[in-house]
Amino acid sequence: MPKCNICGNRVSFGSSRIPPAAPTANGPISGLVANFDGEGSISEMECMGADLDTAQEAWENPRTYFDICLECASNDISWV
């Protein structure tokens with residue numbers, strides 16, 4: 001399960017590998033975001049810039065993709 005070492009978030013993360021589909025000042029920081037359950041599995045995922053194959057790969061290999069905390073925008077993430 002991912003955990004932000006800065007703010008302690010364990011739920012919402014994004015991927016630095018997938019840029020947002022339409023960058024805006026107050027828009028999302030990633031084109032692929034996921035919410036994790038308490039067991040380290042993805043409970044829901046939103047693709048706003050990733051193709052279906054990339055989204056499937058991220059679902060199967062979340063450690064490889066989800067490296068941005070959506071609470072504080074830190075990339076200081078640990079997988080526990």
Side-chain angles (χ1 to χ4, degrees):
M1 176 159 94
K3 177 186 178 239
C4 177
N5 295 319
I6 303 300
C7 72
N9 172 34
R10 293 177 181 259
V11 178
S12 299
F13 294 89
S15 176
S16 64
R17 297 173 74 176
I18 312 297
T24 62
N26 293 322
I29 60 174
S30 175
L32 184 65
V33 298
N35 288 332
F36 289 79
D37 62 17
E39 298 174 11
S41 298
I42 296 172
S43 59
E44 55 188 333
M45 186 167 69
E46 188 169 341
C47 308
M48 302 167 287
D51 61 38
L52 187 56
D53 290 337
T54 302
Q56 183 66 37
E57 170 96 14
W59 186 277
E60 294 171 3
N61 301 296
R63 288 178 187 244
T64 306
Y65 283 85
F66 298 101
D67 58 353
I68 301 172
C69 173
L70 294 182
E71 296 293 323
C72 71
S74 170
N75 63 355
D76 187 4
I77 307 298
S78 297
W79 283 80
V80 291

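Heavy-atom basis, side chains included; hydrogens, waters and symmetry copies ignored.
Within the model, atoms OG1 of T64 and CZ of R17 stand 6.5 Å from one another, a figure rounded to the nearest 0.5 Å. Going from atom SG of C4 over to atom CD1 of I77 covers 4.5 Å, rounded to the nearest 0.5 Å. Rounded to the nearest 0.5 angstrom, D51 CG and Q56 CD are separated by 11.0 Å. Atom CD1 of I6 and atom CG of N75 lie 9.0 Å apart (nearest 0.5 Å). N5 contributes atom CG, which lies 7.5 Å from atom OG of S74 (distance to the nearest 0.5 angstrom).
Using a 4.5 Å cut-off on side-chain heavy atoms (C-beta onward), V33 and M48 make contact. Side chains of I18 and T54 form a contact here, defined as non-hydrogen atoms less than 4.5 Å apart. Counting heavy atoms from C-beta on, the side chains of W79 and M1 never come closer than 4.5 Å.
Within a 6.0 Å sphere centred on CD of E60, heavy atoms belonging to other residues, nucleotides or ligands number more than 12.
Scanning for side-chain hydrogen bond (donor to acceptor under 3.5 Å, both in side chains) contacts around D53 gives an empty result, with sequence neighbours left out. Looking at residues two or more places apart in sequence or on another chain, you find a ring-ring contact (aromatic ring centres under 6.0 Å, His included) between F66 and F36.
Between the side chains of N35 and S43, not a single donor N or O lies within less than 3.5 Å of an accepting N or O.
Shown here for P62 and I42, the closest heavy-atom pair between the two residues is CB-CD1, 4.1 Å. Here the closest heavy-atom approach between residue C7 and residue E71 is recorded as SG-CB, 3.8 Å. Between N9 and C69, the shortest heavy-atom distance links the atoms ND2-SG, 3.3 Å.
When the side chains of ILVMFWY residues are joined at heavy-atom separations under 4.5 Å, either directly or via intervening members, L32 and F13 end up in a single hydrophobic cluster.
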